[in-house]
Amino acid sequence: MSRLRITEIFYSLQGETRTVGLPTVFVRLTGCPLRCGYCDTAYAFHGGNWIEIDDILKQVAEYGAHYVTVTGGEPLAQKPCLELLERLCDVGYEVSLETSGALDVSGVDQRVVKVVDIKTPGSGEVTKNLFDNLTHILPHDQIKFVICHREDYEWSKNILQQYQLNKSCEVLFSPSAGQQPPGLLADWIIEDRLPVRLQVQLHKYLWGDVPGR
Ligand code: SF4
């Protein structure tokens, strides 16, 4: 019987990605090997409760939602996460995985929508990027840059062009809350005609600095 260390399981509206605004169950796994400067889920670094995958599935089912997001922390830091993802897909949920881009995504079930970060210099974790992950990106996946300032924007633009990321999947440019004014980032994207989607964190507009609520 596999089990995972879980910080929380809750129902809310999706605050990011392509399913923004849709009712979603979030499964937040405990622990992360990174320490991004802008992290808003440091409470998930430690603690949590060990829960059997069967029981996680039962808790998720109670909410009756179609969308399930597995997040963290860094979910892939716990190996049984791969089994959880597969079993959620088997039940018929539309499943997404939010991952830092620092851990190997090759074992993730192909039905899962992977939302893979590429860590910018402003995150403080740029050396952790595992660029091999880009070979496992599927058209339904999304690649996300969190932009802290103009230097991050320029850096991200270079990576976007160097790897032609928008040919693999949708690319999200997201302003770091409290650091990068969203309107200014929008102006830069328009000015440069970048083929990316500007993403703001809906949950922060709705409820303040509370991830997913
Ligand atoms: S990878 Fe995510 S959870 Fe981990 S420190 Fe960075 S922002 Fe926080």
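Every number for a ligand or one of its atoms is a count from 1 in the order of the listing.
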*Return each pair, listed once, that meets salt bridge (charged side-chain N to carboxylate O under 4.0 Å, His left out) where at least one residue sits in residues 57-72; pairs must be two or more places apart or across chains.*
D55-K58
_Using a 4.0 Å cut-off to any heavy atom of G73, which atoms of ligand 1 qualify?_
3 (S)
*Indicate yes or no: does E16 engage K144 in a salt bridge with an N to O separation below 4.0 Å.*
yes
_Regarding R28 and Y43, do their side chains bring together a donor and an acceptor under 3.5 Å, going by distance alone?_
yes
*Sort out for me which residue in V27, L4, I56 forms a side chain to side chain contact (heavy atoms under 4.5 Å, CB included) with I51.*
I56
_Stacked cation flag R35 on F45, 6.0 angstrom / 45 deg_ = yes
_Cluster check I118, L185: I/L/V/M/F/W/Y, side chain < 4.5 angstrom_ = yes
_Protein N, O or S atoms lying under 2.8 Å from atom 6 (Fe) of ligand 1, listed by chain and number_ = C36 SG
